[in-house]
Amino acid sequence: MHYDVFNGDADGIIALLQLRLAEPRESVLVTGVKRDISLLKQVDAAQANAVTVLDISLEKNVDALQVLLDSDVDVFYVDHHRAGDIPKSTHLKTLINTDANTCTSLLINDYLQGQYVNWAIAAAFGDNMQASAKALATKQGLTDIEQAQLNELGVYINYNGYGATVDDLHFNPADLYQALLKYPDPFTLINESDSIFWQLKTAYLADMEKAQQSEVLSDNDVVKTIVLEDAAWSRRVSGVYGNELANQSPDKAHIVLTLNKAKSTADNAKSEQSYTLSLRAPLNNKQGAGDICAKFPTGGGRAAAAGVNELPQSRVNEFISAVESYYQL
Ligand SMILES: [Mn+2]
């Protein structure tokens, strides 16, 4: 049995899409919401003979990876997140590059020598790698309108991956992948009325309109912080809204806080509110976000974009100060 394990965001979905358009294969799909990156442990080592892993940190999946390698399962691992110590094994083939300007779909695009480059461009836009996406699009001779269309497509697929659980999402990422597999050329999808592209666009615009009305908790030259309510739409839109804020003010860091569901404990009076936090480094200074978040429990991520799954309300100001002092000139 072959397993395809992939992050449920645009980069993960489109990395697999390119690979399976080029090399069709029956496989068991393992994916989830964008934040769910402990995916490899879902693979049954007894059932698997080969596994492809896309766009999830090797460091965060190394224990499950070691189990597979010890069971003589062949693993092809492609990613751009923190890798940690990569196990040495004849069963492991890796394509890993943690450069802040590349993503898994761009690595796959290189691997496939540009066979589905329009999809790769959409994915790079979706992962907010604007400069890399534009450079590749320009190299392909795409018009400004075509570039804008692929940008939209990437943003909408990426937006679909955000949520606390798959129930928050419009489409289960595995279903979305299956649906997109019918379109070797993303422009066919874009030009088809009522396609998933248009369904996602309508949903996205409705959520973004709500985000624009949200509370601004802090704003200065260094960092802007906004707060979203505890609702499915907030959990869907938070990451993409963070990207939009970053693109509007490329010299600023951005924090998006989304209130978590209150935990129902017997001890309710003592339980504290917490936030899911997403931090974006200034686009013009893509560093530090992962390090700042890693200083807080349940935090981590990449240099350019990182997060904390449960930041207690009492530590919000401390977090904002940490971001301020890190990026202050
Ligand atoms: Mn990615």
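As the structure lists them, so they are numbered: ligands from 1, and atoms in each ligand from 1.
K93 forms a cation-pi arrangement with F76, by the criterion of a distance under 6.0 Å to the ring centre and an angle within 45° of the ring axis.
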Kindly indicate, with the supporting measurements, whether the criterion side-chain hydrogen bond (donor to acceptor under 3.5 Å, both in side chains) is fulfilled by Y183 and E192.
CA-CA 11 Å; Y183 300 90; E192 190 178 291; 2.9 Å; yes
Would you please test N151 and Q130 for side chain to side chain contact (heavy atoms under 4.5 Å, CB included) and show each step?
CA-CA 9 Å; N151 189 350; Q130 298 280 327; 3.8 Å; yes
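With salt bridges taken as basic N to acidic carboxylate O contacts below 4.0 Å, one links R20 and D4.
The name of the N, O or S atom in D11 nearest to the Mn ion (ligand 1) is OD2. Summary: OD2 is the N/O/S atom of D127 found nearest to the Mn ion (ligand 1).
Vertex the Mn ion (ligand 1); arms to H80 atom NE2 and D55 atom OD1; angle 80° (nearest 10°).
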